[in-house]
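Heads up: numbering here begins at 1 and tracks the sequence.
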Amino acid sequence: MEARNLLRFLVLFLSIAFVLIFTWVHLPSTPPNPTELLDCTTNSPWCTSKNRFQPKQPNLLKESPKPTRQHNHASDKPHHPLDPLTIQELNELRSILTSHALFKSSSYTLHTIELEEPEKPLVLKWKKGEPLLPRKATVVARVDGKSHVLTVHLSTREVTVHETSSHSGYPTMTIEDMTTATLAPLANADFNRTIIQRGVDLTDLACLPISSGWYGESEENRRLIKVQCYSMKGTANFYMRPIEGLTVLVDLDTKQVVEISDKGKNIPIPNSANTDYRYSAQELHQVMNLFNPISIEQPKGPSFTIEDEHLVKWANWEFHLKPDARAGVIVSRAKVRDPDTGELRNVMYKGFTSELFVPYMDPTDAWYFKTYMDAGEYGFGLQAMALDPLNDCPRNAYYMDGVFVAADGTPYVRSSMICVFEKYAGDIGWRHSESPITGMDIKEARPKVTLVVRMAASVANYDYIVDWEFQTDGLIRIKVGLSGILMVKGTTYDNINQIPNQENLYGTLLSENVIGVIHDHYITFYLDMDIDGSDNSFVNVNIKKQQTSPGESPRRSYLKAIRNVAKTEKDAQIKLKLYDPSEFHVINPSKKTRVGNPVGYKVVPDGTAASMLDLDDPPQKRGAFTNNQIWVTPYNQSEQWAGGLFVYQSQGEDTLATWSERDRPIENKDIVLWYTLGFHHIPCQEDFPIMPTVSSSFDLKPVNFFESNPILRIPPNLEKDLPVCEPAASV
């Protein structure tokens, strides 16, 4: 008996020692000097939610091109009222906060530190060369288990604490939250025992932090997260090897395991064969060289400039650009030059990705809660990875870094998270060739060159590519591409002929023992349009069929445009309908063209999708901002996040849908347009093991904004004006 007890003690002692050593090795460490910058290319644990228990994988490719621009952010200074907080300012903020009474004697976590932008009228009046407006920061912190929102005045060191008791949810998770949550199960003996019983070695374990949503009172008053795990044995693509049915509920504040559910003991872990997507893992005889190398060359350099790190000037466009931890990319003060007057005219005060809603369509125990809010829960910008030169962005791209903060306020650098480049894909700006029957030999065409601002966020398995594309004709195209890896479900089936007719897989059998679960993606954009000024109106230009009177015409019907100016918010809540079409204009009623049309821009939807969930389904209550494709609200600086300020475990009482219920006046007011781009995704075998990019977009297009075609006078391309690249010598 004594020998058996001694053996049990030794096993328990070794297990605890292993967990402690493993945790010590893999936790992200702060830099030796607290003010030292953390660069995500060398300090990756701070920079991704893909936290998993394994050593860093070496880069097996010999060539790893780096962006040519290397920037030292330690000496950055703000030049514009909208410039993000600098390293020096962040360090000053940290000093102010640590000396404040709220933080002095309590444990705390800083979830967000970002510029509190000055009031809009002040920014609009500010001119370059004038003194900067007072710099302030918004701080979201957790202190002793309570959430706080503070405003910090950098010049006076004054701290104002705001009331937050009306919020049901919690702040965006920190990277440290995600990392420690995925480590917590390893300190639990029952979890370790379960992993071993499922046939997985602890050293092959990979775990992900999955936001838990909100499903009732039992989940209130504590921050909870669910952790699910995978086997990475034999592949880097561990997402294709789920330990199905195993879910660990973790308290984010105490880092303790609350509950372990394992309802997949009979489901095998899928095989690793053919799951690795890395180029280095492909067999050489299988590599496909489908085309010769392509590169757009610019011997004279790009045509755009970026002044003071954030002011982009290109062709007839000018705008302010900055990274953001939650939104990813923020485009502000977008102006286009009028070809007739030479005046820079206001188009958009501010635009960004406000929220993403990704509900999975599987109501079973291990899946029902997978209804992600990627911006408000994880931080869309926090998940932005360094872009890969020559593959994510072309040769002459300009790269912009983000500067964010760790949970203790230490600043770190997210290298190359945005790229800016000119794009030419052989597209045509405008053209006309005259028919020979007219006797006129006319062939006129102009190339279309655009400017692209790009960011790619890797939110665990999924990759989102967001492009803001500016055209010389005044159009702005916002495009979202989906790529990365499916979140899959393990199954006992390896062929569809084994599946009973009445069984619902909730998805598609992609490979042996692997189901790709049906899901949606909704990306909601905040668009503060300022068409030649802040006071604008929203017009629903409805296209209606009209009948001709008997004897009036050989035609029996035609279409008529009927303009309806929205008076209040509910007039501008739009569900797109194919057989009841409309154009959606934002106009300045006080500014007219020479023939009397109000100047404006219109929203032009591309392919999109609408949420079909019940309005009282808990995920849809939180994602109620997807109930319409278009909303219009009066400008309110506190209303920027469509899912609310505190999204994590929120109950949906602070969303765009809630604000809009007030039905406030919006005619000839400073208004904000919200557009939701949607995707229904029924996975298919071509999505395995990694998805080819699928994209959709929408346009902001001038409508009576210019007096005529704004690119009428641009010259055509001529052979003598273009660079000639010598082909490589054939072998």
- Message: Under a plain distance cut-off of 3.5 Å, with no hydrogens placed, do W641 and D654 share a side-chain donor-acceptor pair?
- Response: no

- Salt bridge E569-R662, side-chain N to carboxylate O under 4.0 Å: no

- Query: Is Q546 atom CD crowded by more than 12 heavy atoms from other residues, nucleotides or ligands, each under 6.0 Å away?
  - Reply: yes

- Task: Could you check Y462, F357, W367, Y372 and say which one makes a ring pair (Phe, Tyr, Trp, His ring centres under 6.0 Å) with H519?
- Result: Y462

- Task: For the pair D687 (side chain) and C684 (backbone), establish whether a donor and an acceptor sit closer than 3.5 Å, ignoring hydrogens and angles.
- Result: yes

- Query: Is it the case that more than 12 heavy atoms not belonging to I682 sit under 6.0 Å from its CD1 atom?
  - Reply: no

- Item | SB check K443 E434 (cutoff 4.0 Å) | no

- Step by step, work out the side-chain contact (heavy atoms from CB on, under 4.5 Å) result for S483 and I465. CA-CA 8 Å; S483 188; I465 306 112; 4.3 Å; yes

- I496 CD1: over 12 foreign heavy atoms closer than 6.0 Å: no

- Message: Atom CG of residue position D441 - does it have more than 12 heavy atoms of other residues, nucleotides or ligands inside 6.0 Å?
- Response: no

- Query: Does any donor atom in the side chain of S458 or D463 lie under 3.5 Å from an acceptor atom in the other side chain?
  - Reply: yes

- Task: Could you pull out all residues at least two apart from H585 that satisfy ring pair (Phe, Tyr, Trp, His ring centres under 6.0 Å)?
- Result: none

